[in-house]
Amino acid sequence: MTYDALASIARDIRITTFRSIAHAGGGHFGGSLSIAEILAVLYFSEMTVYPEQPDDPRRDRFILSKGHAGPALYTALALRGYFPVEQLKLIDVPLSPYPKHVDRLKLKGIEASTGPLGQGLSIGCGMAISFKQQRLENRVYVLMGDGECDSGQGWEAAMACAKYKLDNLTLIIDRNKCQIDGFCDDIMPIEPLGSKYEAFGWYALQTDGHDVQAISEACSEARRTIGKPTVIIADTVKGRGVSFMEGQAIWHSGQVSESQLAEGLAQLEEMSHG
Amino acid sequence: MAEYEQVKTCYGQILVELGERNPDIFVIEADLMKASGSAPFLERFADRHINVGVAEQNLVGVAAGLAAAGRIPFACTMANFISQRSCDQVAMSVSYNKLPVKLIGCYAGITQEKNGGTHISIMDLAVMRCLPYMTVIAPGDCREFSQAVAAAADIDGPVYIRMPKLLPKDIFCGASEQFFPGKAYQLAAGDDAAIISTGLASGLAREAAELLADDGIHVRVLHLPTLKPVDEDAVAACARETGRIITVEDHGVYGGLGSLVSEITAARCPVPVSMLGMRDTFGLTADLDFQLDYFGLTPGHIRSTVKQLMNIAS
């Protein structure tokens with residue numbers, strides 16, 4: 001798939017995610033809009049997946065550790081053919097397969113139920129250990145938020161991933177620089193993030209998280225890296241594509257008015273055609 | 001007093017047996033292999049033995065990942081660490097994901113002895129019992145412990161097994177009782193009262209029944225190794241047929257066996273329930289005998305409590 005095609009898919013993910021969260025009555029706009037390109041690259045290029053047989057054992061595994069970005073993942077899965085896009089209207093509907101935080105028991109294609117932050121990398125670590133022990137080619141991808149990097153468990157897992165030389169695991173950090181209570185730099189500074197992972201025994205890359213080519217190339221480099229796990233720190237903008245949301249911690253979670261919905265959609269459409 | 005054995009010897013042996021039978025068995029440790037006794041598994045199956053260091057939250061998360069990849073992980077650390085420090089990971093990564101992780105809480109309860117109040121688990125059974133899908137087992141002797149570990153490997157869901165440092169060698173007096181999850185076991189017959197016990201306490205309850213028999217009092221002893229799913233009918237029968245129940249556990253009575261039995265009797269056959277266990281307190285630094293006496297769990301204490309409940313002067 002060409003980079004232009006991937007970029008186009010990312011725009012579709014972003015528009016549909018924005019519309020879906022608005023339809024659900026609000027939700028985690030900021031951290032869902034920031035990961036559209038990452039999801040497009042993973043699900044339409046990088047990962048081996050089988051939408052018609054989501055349980056195929058040959059599949060790569062993706063863990064959305066920042067489980068609150070569920071609507072963005074649901075959208076990527078729908079566009080990839082796991083289920084009809086119309087189903088996205090059921091996000092947050094009681095008893096639907098699409099709760100706010102992703103749930104593996106409710107939807108095929110979700111590899112781990114997440115919500116409380118900081119747990120995804122440990123789960124990915126266990127999966128990657130299993131694949132390595134069986135000498136299987138499956139790869140594991142974990143997506144964490146940058147605020148999530150505050151949690152201790154993530155660093156416990158980082159040590160274990162390095163100890164077990166999990167070069168079949170790629171961690172992507174959505175470095176959108178905001179967390180619930182404000183800017184990461186104010187709430188809990190995490191820089192120098194790449195150096196921290198390097199000190200923990202990882203190969204660390206930093207890339208533009210809204211450039212599909214850059215993300216793809218980083219993923220390829222991770223594949224070529226032998227003997228250690230790779231972290232890709234993806235520089236992103238929280239609320240990307242909607243001007244009144246961009247870089248605003250307040251849009252971690254919220255509701256849009258009718259006029260905000262129209263304004264946001266217009267901007268995202270323009271982005272698509274621009 | 002009963003003859004006690006180190007449970008870790010059993011754990012190492014049964015893990016190796018399971019590992020030989022099933023290539024999906026994994027063992028995960030958090031720098032407490034020496035307490036759990038899993039070293040024989042490491043020697044035999046090094047590529048299926050993971051040690052994450054002093055990182056209990058990651059211990060549970062890695063086990064969840066292994067289970068999600070189709071493996072059968074046994075994750076072990078001290079009972080209070082696995083139920084307290086990694087409670088969220090047990091609840092979310094394991095229970096909420098409904099993954100077949102086998103959680104082993106070693107050095108459980110007062111068998112921590114001189115490690116004292118920081119290490120003695122008083123709420124592990126309560127915490128685990130609250131979690132959806134979780135099977136909760138507190139074996140009463142070493143043989144039953146090994147059988148419970150083997151049974152856990154076949155349960156398609158999360159399991160918590162309480163693993164004291166010491167357990168009686170045999171509370172069934174040689175009877176070849178096979179452990180089945182969810183089954184209650186009668187260790188003594190009688191209708192004057194019922195002693196319901198779990199884990200380490202069941203050996204003590206049995207001894208208490210023998211003391212009471214000398215006094216002409218015939219109590220039923222019901223050993224409940226599985227607290228969830230529990231054999232409610234056996235508990236209700238105790239209430240119905242004896243009219244009074246004493247529960248015994250080396251655990252807090254809040255949320256533990258005492259609460260569990262009361263929940264059942266309240267719904268099915270309300271009778272007086274006298275709860276022996278730890279009540280709004282932590283453990284202390286002392287050997288096992290001192291702890292048993294201090295917390296009122298000796299056969300003599302149990303005998304006195306039965307008599308009090310029967311309004312018989314000791």
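The structure displayed is predicted, hence computed values, not measured ones. What's counted below: heavy atoms across the whole structure, side chains too, no hydrogens, waters or symmetry copies. So you know, we letter chains A, B, ... as the sequences are listed, proteins then strands, and number each from 1.
Using cut-offs of 30° and 60° on the angle between ring planes, the pair B/His119 and B/Phe81 is perpendicular. Taking the six-membered ring where the residue is Trp, A/Phe200 and A/Trp155 present tilted rings, their angle falling between 30° and 60°. Ring orientation note: the planes of A/His68 and A/His28 are tilted relative to one another, at an angle of 30° to 60°.
Heavy-atom pairs under 4.5 Å with chain B were tallied for A/Met159, A/Lys163, A/Gln134; the largest tally goes to A/Gln134. The most heavy-atom pairs under 4.5 Å with chain B, out of A/Ile129, A/Thr114, A/Asn138, come from A/Ile129. Note: A/Ser122 leads A/Ser130, A/Pro116, A/Ser122, A/Ala112 in heavy-atom pairs under 4.5 Å with chain B. With chain A as the partner, the residue from B/Val62, B/Asn58, B/Asp24 showing the most heavy-atom pairs under 4.5 Å is B/Asn58. Between chain A and the residues B/Glu56, B/Gln89, B/Met92, the largest count of heavy-atom pairs under 4.5 Å involves B/Gln89.
Both the backbone and the side chain of B/Ile50 come within contact range of chain A, judged by heavy atoms closer than 4.5 Å.
The neighbour count for A/Arg104 CZ, taken as heavy atoms of other residues, nucleotides or ligands under 6.0 Å away, is above 12.
Side-chain polar atoms of A/Tyr74 and A/Gln87 form no donor-acceptor pair below 3.5 angstrom.
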